[in-house]
Amino acid sequence: GEDVEQSLFLSVREGDSSVINCTYTDSSSTYLYWYKQEPGAGLQLLTYIFSNMDMKQDQRLTVLLNKKDKHLSLRIADTQTGDSAIYFCAREDSWGKLQFGAGTQVVVTP
Amino acid sequence: NAGVTQTPKFQVLKTGQSMTLQCAQDMNHNSMYWYRQDPGMGLRLIYYSASEGTTDKGEVPNGYNVSRLNKREFSLRLESAAPSQTSVYFCATALRGDQETQYFGPGTRLLVL
């Protein structure tokens, strides 16, 4: 929905880093999430960050949160062809429900 | 341990027909959700069930009904399908702890002619 916005497309070369950006409007977000969707499949949770943190690292994934600017990013180091997918940013509202962005299609080229 | 399963995987309906999408989970989760996914719009919540016996409307409930049959099963019914309901439908479940990790089924692709 319009409460969570993402760019629609990102092209990256294999081996480079990918950065996917997300902005949200409601500062009452508790947790923020990144989900991955491969073709023909459901969404798979990649990682999440609590709103009082500014960074979280998990292997090749780094999440940065700028709470002041309401900006969330996901960095994928050493991007591989298997990382080609749609990536969804989501925020958890005060009722515990998730609001998703429209998704960023990431295409990894050799 | 199948996680979250959905049936059918694909369905074609004519306008005005009815059908029920089934979702089952073996994760012993309390919360279950139905979303629809449309190009350029992400996922939108149709209905959810915080626990067995309760259901609540989400962002786009019109034209749908749900039943939380038991803790494992949550069905979505289209009483009179419309072309605007052509979409991919996802069921999800969550344990409802400190944070809302949702686990998604593989989806049902519905085409309404």
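Lettering of chains follows the sequences in order, A, B, ..., and the numbering in each one begins at 1.
- Residue B:Gln37 touches chain A through its side chain alone, counting heavy-atom pairs closer than 4.5 Å.
- Note on A:Tyr31: it clusters hydrophobically with A:Leu46, by side-chain heavy-atom contacts below 4.5 Å among ILVMFWY residues.
- Counting only distance, with no hydrogens or angles, the side chain of A:Tyr35 and the backbone of B:Gln102 share a donor-acceptor pair below 3.5 Å.
- The same ILVMFWY cluster, assembled from side-chain heavy atoms under 4.5 Å apart, contains both A:Ile49 and A:Leu61.
- A:Leu64 is not connected to A:Leu74 by any chain of hydrophobic side-chain contacts under 4.5 Å among Ile, Leu, Val, Met, Phe, Trp and Tyr, and they are in different clusters.
- Closest approach of A:Leu98 to B:Tyr35, counting heavy atoms only: CB-OH, 4.1 Å.
- Side-chain heavy atoms closer than 4.5 Å link hydrophobic residues (I, L, V, M, F, W, Y) into clusters, and following such links, even through other members, never connects A:Ile76 to A:Leu8.
- Nearest heavy-atom pair, A:Tyr33 versus B:Thr101, reported as atom, atom and distance to 0.1 Å: OH-N, 4.2 Å.
- More than 12 non-hydrogen atoms from other residues, nucleotides or ligands lie less than 6.0 angstrom from CZ of A:Arg60.
- Contacts between A:Gln37 and chain B at a heavy-atom distance below 4.5 Å involve the side chain alone, from C-beta outward.
- B:Tyr103 does not touch chain A: none of its heavy atoms, backbone or side chain, sits under 4.5 Å away.
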